[in-house]
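Each remark here refers to the structure printed beneath this line.
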Amino acid sequence: MGLVLLPKVIEVGDEGSFYLGNLDQVAKRAAEYIKSNRVANKMITWGYSYSLWPAYLVTACCGTEMAAASGPRFDLERLGFLSYGNPRQSNLVVIDGTLSIKMAKVVRTVWEQMPEPKWVIAMGACVLDGGIFWNSYNTVLARDVLPVDVYVPGCPPRPEALATSVIMLKEKIKEQQAKYLRRSRKGALNKEGVSSE
Amino acid sequence: MTQEIKTIPFTYEALSQLKMSEGVLELQIGPAHAGSGHMRIVAWVEGDTVVKVDPDIGFVHRGVEKLSEDRIYIKAIPMVERPSLVDTVNANLGYVMALERLLGIEPPPRAQYIRVITAEISRIMSHLYGIAIYGIFMGSSTVFMWAMADREPFIDLLQELTGARITYSHIIPGGVRWDLPKDFAENAEIALKYLENRTKDYEKVWINNPVVVARSMGVGKLSAEGAIRLGVVGPNLRASGVKYDIRKEEPYAAYEEFDFEVPTFKEGDSYSRLLQRVEEIKQSIHIIRQALKRLPDGKIIYEDYYKRMSPLMKKIYDEKGRVKFTLMLTSLSPPKGEAVSRVEGGRGEMFYYLVSDGGKAPYRFRVVTPSFRNLPFFTHVMPGHKLADIPVIYGRIDYFPPRPIDDGLFEPDPRYLVAPS
Amino acid sequence: MMDFLNLIPVTWLPLLESVFYALVFPGFIAILLLAFFIIWFERKAAARVQMRYGPLWVSKRTGGIAQLLADMIRFSFQEFIVPEGADLIPFVFLPGFLLAFSVLPTLFIPIGPYYSHIFPAGYTLLLSVAFTLVIPVYLVVLGWAADNKFSFIGALREAYLLISYEVPFILAIASAFLLYGTLNLVEVVTIQERSLPGIILNPVAALVFLIAVIRATGRGPYDIVEADSELVFGPYVEYSSLMFGFVMGVPYIELYSYSLLFSVLFLGGWAPITGVGFLGGLIIPGIVTFVKAVIVMCALVFLRGVYPRYKLDKAVRAGWSWVFYLALIALLLSAFMSRVL
Amino acid sequence: MSSEQLEKLSGLLGDTAKVAYNERSNLIRIEVERGELRNVAVQLRDYGFDHCSSVTVVDYPKEDLMEVVWHLSSYSRSEVSRYTIGLVTSVSRSKPEVASLTDVWESALFLERETHEMFGVNFVGHPDLRPLLLPEELMGTWPLRKDYQLKKKREDVFKKGGASL
């Protein structure tokens with residue numbers, strides 16, 4: 001869990017001095033301990049999977065299908081998919097449509113600005129393996145730019161396909177967190193000095 | 001009260017040598033921004049007033065013209081539809097008309113009528129999408145959802161006809177691929193009646209909404225003379241008082257048989273562009289009704305192509321009314337020459353220029369989408385407005401990727417403009 | 001339950017009550033539950049207007065009310081990014097101040113006749129208003145601290161609107177004071193019980209109060225500060241994890257304290273039901289004022305689905321022109337009405 | 001287009017311009033030398049063709065020449081608004097240089113900029129010839145020229161995972 005990166009508190013002086021120790025280290029250990037708790041892990045998975053806010057990034061023509069998907073007929077807000085616009089608050093990037101070189105740079109910067117638990121849905125044939133613009137001099141595949149979690153085929157894919165991709169992403173988050181839980185309970189974290197007793 | 005903004009004739013040189021006072025802030029309203037589509041609007045803002053705007057586009061440039069030289073003629077149809085994905089039928093119609101002018105063939109009347117019907121439905125969908133984007137830029141997600149919802153019956157209509165949601169590739173050289181299903185007329189009538197009383201709701205909630213009027217009246221004003229000089233297209237041009245519609249000026253695909261009038265407004269600001277699109281939706285409904293009433297029967301493919309079809313293709317055509325992609329279509333090689341075709345799309349005039357050297361692939365293929373022709377809005381209209389007006393002007397000119405749209409000729413405040421010495 | 005009260009030494013009683021007010025009823029826990037309801041109500045009402053479902057699958061049976069819980073969990077387990085350009089102390093600590101100062105007014109607004117507290121009861125109206133006026137100042141500093149062009153412009157917009165809408169707001173409060181003659185909110189409610197509720201006595205002041213509240217909390221046409229289609233998210237652009245959760249919650253908590261004040265000042269607080277003692281004098285009338293406040297909140301929150309956004313210069317011009325004149329009329333009206341009362 | 005309108009137009013333009021009429025697509029092709037370009041353009045604008053629909057280049061590597069084409073049409077004059085004029089001048093491939101017509105038609109501003117970055121034709125007098133569509137890496141490779149070969153097979157496109165970023 002990303003905790004507030006507070007500056008290290010150094011001891012004040014001998015008389016009336018108190019040693020708070022390295023607050024970062026203490027906070028990190030506490031975070032690891034919480035996350036290795038089974039109930040907390042279930043809660044975190046539920047929280048992550050039901051609040052997927054995509055960054056407002058319409059790369060190309062599949063954007064119309066993403067707009068139709070967030071429209072009233074295939075309302076994706078039911079699944080907690082509220083397009084909120086600001087990369088800082090979102091945890092999902094939906095690459096909808098062809099990635100030209102210029103747009104690939106922008107997608108990369110948006111992805112890097114986002115806080116840590118983040119996922120990528122690549123939508124449309126053009127980002128899977130080229131689509132009808134496969135040998136154009138200006139297009140790039142999604143896997144060159146970002147680590148993609150879910151691919152949605154189709155040109156443009158139907159809004160129902162986007163909805164299923166969000167549900168598939170929920171399963172993937174569940175697996176990721178379950179793997180994290182198994183690793184942390186097995187004491188794999190002890191290497192970083194987290195005493196499990 | 002309409003904002004009185006003087007219009008001073010202005011050339012691009014003076015704008016580019018604008019002397020920046022130190023209080024100017026450069027804002028990158030980039031592609032990942034709720035108020036910009038697929039482009040980066042670089043705006044120099046002083047306080048709340050926009051001093052200079054430089055659009056940085058090309059984020060969705062995929063080189064359709066270069067790729068079409070590498071592929072046979074038929075394969076250019078899906079590529080032409082992608083740049084304006086909300087108005088695919090008109091894009092498809094434009095390219096196929098240029099190809100037919102090269103080949104020297106003429107589709108039968110029933111195919112022309114079906115083309116007009118699908119083109120008008122696609123225009124309605126394009127206008128509704130424009131209103132939806134305008135709503136979200138103005139901060140009201142209600143209109144976005146309403147317009148997106150009103151688009152769905154028309155998407156179902158064409159999905160029933162062609163099977164695809166948006167990318168139909170329905171029009172081929174010589175005619176169309178599918179005949180209208182039996183109950184198409186009734187479903188179309190239901191959808192049109194639904195849209196008519198929906199426009200009443202729009203009037204109540206959105207068009208006469210005092211906030212919308214206050215925010216878009218007098219914003220992005222464009223004089224008729226300015227519109228002509230900047231070469232803007234489509235509803236933005238007619239909203240400034242220039243009565244020009246290619247369906248009337250250079251009638252194509254059976255448009256001269258329908259009587260519809262071209263609505264125009266005089267003020268040329270964002271509000272009149274909104275009203276212009278609502279009027280055009282009403283005209284399209286009128287055209288579709290006439291076309292459905294007077295639909296002639298007969299073949300939907302060019303007579304000569306029908307004869308050269310193989311017996312199996314003919315059997316499919318007679319039973320299901322469906323034209324399969326015959327070998328003849330895929331091995332088209334029109335004679336040497338060039339052709340130009342102009343189509344009035346939902347967003348404006350789509351220009352196609354096709355040069356062939358007798359081979360299987362086009363020698364040179366030039367597409368100018370309406371968005372590209374409206375680019376001067378940004379450089380010439382936006383300076384002098386408030387920062388909050390950028391989405392209002394930009395949303396209302398119905399921008400769609402890959403190239404942005406703009407309107408009007410309006411000059412920055414003289415205070416910010418130091419005449420180039 | 002009543003007798004256990006007299007076991008506690010008498011001197012501690014007011015302190016315990018204040019803790020109860022601050023922590024349980026009009027204070028923290030009530031706000032937390034209300035925030036759940038209000039944000040869910042806003043998204044559902046906006047969705048109903050837009051012919052769609054709104055948050056549903058989070059907790060299917062209860063219609064998606066746990067959506068805010070899911071969001072809060074995601075926010076709390078997300079990486080908190082501090083841009084290195086931003087100066088650390090205000091950037092990290094100001095949301096905490098924002099949250100605190102938006103909760104504080106609920107401490108002073110009485111929710112029942114038996115509402116005694118440590119602070120001088122005579123100035124509750126003044127105290128509760130004073131804390132709400134500090135929040136925009138923190139917002140401006142917060143926008144400046146984030147070293148981001150959009151948040152800087154958002155902060156400037158907040159400053160513009162703050163000045164142009166606080167003056168009518170203070171005039172509305174002054175006209176209420178002129179009308180009732182006292183600054184003690186408990187007496188205000190007793191006056192309203194005798195005569196008509198405040199909204200009938202001086203409707204103009206109520207209207208000006210509501211407009212100022214809509215502006216302060218950024219609801220409906222007045223979400224100019226965090227206008228998402230111009231400035232990406234106003235002053236809060238750079239906030240990411242739990243800090244964003246706080247910052248997103250602040251307008252709703254502010255709305256809660258304003259509407260609590262509105263229901264006490266203009267809707268007659270706990271008018272029909274009065275009682276004595278801990279249960280009758282505090283809990284039951286408290287629930288009445290609480291319900292009135294929630295109704296006002298639902299009305300204000302619903303505006304999001306109806307109106308697009310105002311432009312800044314038009315909103316500021318309106319603030320100085322007709323909203324200001326309305327406030328003056330409200331003052332005259334209450335001067336006249338207080339003669340009648 | 002009626003023949004007497006055609007005569008009037010070609011008479012107006014003088015002997016330097018060769019006029020051909022393509023009846024099917026209502027296209028009038030006017031070929032002009034580079035020197036005459038500006039005054040023919042001004043005459044056309046005064047005649048009524050008040051805006052520029054498209055600026056493009058047709059590349060003939062075999063004849064070592066590039067045809068720069070301005071497509072003009074008319075909003076204001078209704079009797080000629082049906083037709084499109086293709087104003088064509090040919091330019092050598094080694095030094096493609098032509099006078100920019102942005103001061104005659106303001107609408108050609110962005111069209112010429114795009115043609116410049118696609119073909120490398122230098123429009124003399126254009127106020128600001130920065131790249132418009134292409135990223136910085138591709139500026140100068142003139143992708144639309146015939147000698148810019150696209151990759152034909154899928155393997156070499158995806159061998160290293162698409163165009164390098």
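- Contact check for B:R364 versus D:L144: side-chain heavy atoms found under the 4.5 Å cut-off.
- Going from atom CD of D:Q149 over to atom CG of B:D70 covers 9.0 Å, rounded to the nearest 0.5 Å.
- Residue contact with chain B, scored on non-hydrogen atoms closer than 4.5 Å, involves the side chain of D:L27 exclusively.
- Side-chain contact between D:S25 and B:M97 is absent, with no heavy-atom pair separated by less than 4.5 Å.
- Contacts between residues 241-249 of chain B and chain D, defined by a heavy-atom separation under 4.5 Å, are made by B:V242, B:Y244, B:E249.
- Salt-bridge annotation for B:R366 and D:E114: present, with a side-chain N of the basic residue lying under 4.0 Å from a carboxylate O of the acidic one.
- The part of D:R145 that comes within reach of chain B is its backbone (N, CA, C, O), which places non-hydrogen atoms under 4.5 angstrom from that chain.
- Salt-bridge annotation for B:R101 and D:E23: absent, with no side-chain N of the basic residue lying under 4.0 Å from a carboxylate O of the acidic one.
- One finds the CD atom of B:E100 at 8.0 Å from the CZ atom of D:R24 (value rounded to the nearest 0.5 Å).
- Side-chain contact check for B:Y353 versus D:S54: every heavy-atom pair is 4.5 Å or farther apart.
- Residues D:R130 and B:D54 form a side-chain contact, since some pair of their non-hydrogen atoms from C-beta on lies under 4.5 Å apart.
- Proximity to chain B (any heavy atom under 4.5 Å) is restricted, for D:V69, to the side chain, taken from C-beta onward.
- In this structure, B:R229 does not pair ionically with D:D50, as no charged nitrogen and carboxylate oxygen lie closer than 4.0 Å.
- For the pair D:P61 and B:Y363, the tightest heavy-atom approach, listed with the atom from each and the gap, is CD-OH, 3.5 Å.
- If you measure heavy-atom distances from D:V55 to chain B, the contacts under 4.5 Å come from the backbone alone.
- Neither the backbone nor the side chain of B:Y252 comes within less than 4.5 Å of any heavy atom in chain D.
- Within the 3.5 Å criterion, the main-chain N or O of B:V232 finds a donor-acceptor partner in the side chain of D:Y75.
- Of the two parts of D:S53, the backbone and the side chain both hold a non-hydrogen atom closer than 4.5 Å to a non-hydrogen atom of chain B.
- Proximity to chain D is limited to the side chain of B:E349, based on heavy atoms less than 4.5 angstrom apart.
- We find that D:R29 and B:E338 are joined by a salt bridge, their nearest charged nitrogen and carboxylate oxygen being less than 4.0 Å apart.
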**Message:** Run B:E250 and D:S73 through side-chain contact (heavy atoms from CB on, under 4.5 Å) and show every step you take.
**Reply:** CA-CA 11 Å; B:E250 188 191 355; D:S73 56; over 6 Å; no
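- Shown here for D:L132 and B:D56, the closest heavy-atom pair between the two residues is O-OD1, 4.4 Å.
- Considering only heavy atoms from C-beta on, B:F351 stays 4.5 Å or farther from D:T56 through its side chain.
- Residues D:M118 and B:K66 fail the side-chain proximity criterion, which asks for heavy atoms closer than 4.5 Å.
- Taking CG of D:L109 as the reference point, atom NE2 of B:H380 lies at 6.5 Å (rounded to 0.5 Å).
- Heavy atoms of D:L134 lying under 4.5 Å from chain B belong exclusively to its side chain.
- To the nearest 0.5 Å, atom CH2 of residue D:W105 and atom CG of residue B:L230 are 15.5 Å apart.
- Proximity to chain D (any heavy atom under 4.5 Å) is restricted, for B:L237, to the side chain, taken from C-beta onward.
- Between B:G231 and D:S107, the closest heavy-atom pair is CA-CB, 3.6 Å.
- At a 4.5 Å heavy-atom cutoff, the contact between D:D59 and chain B is made by backbone atoms alone.
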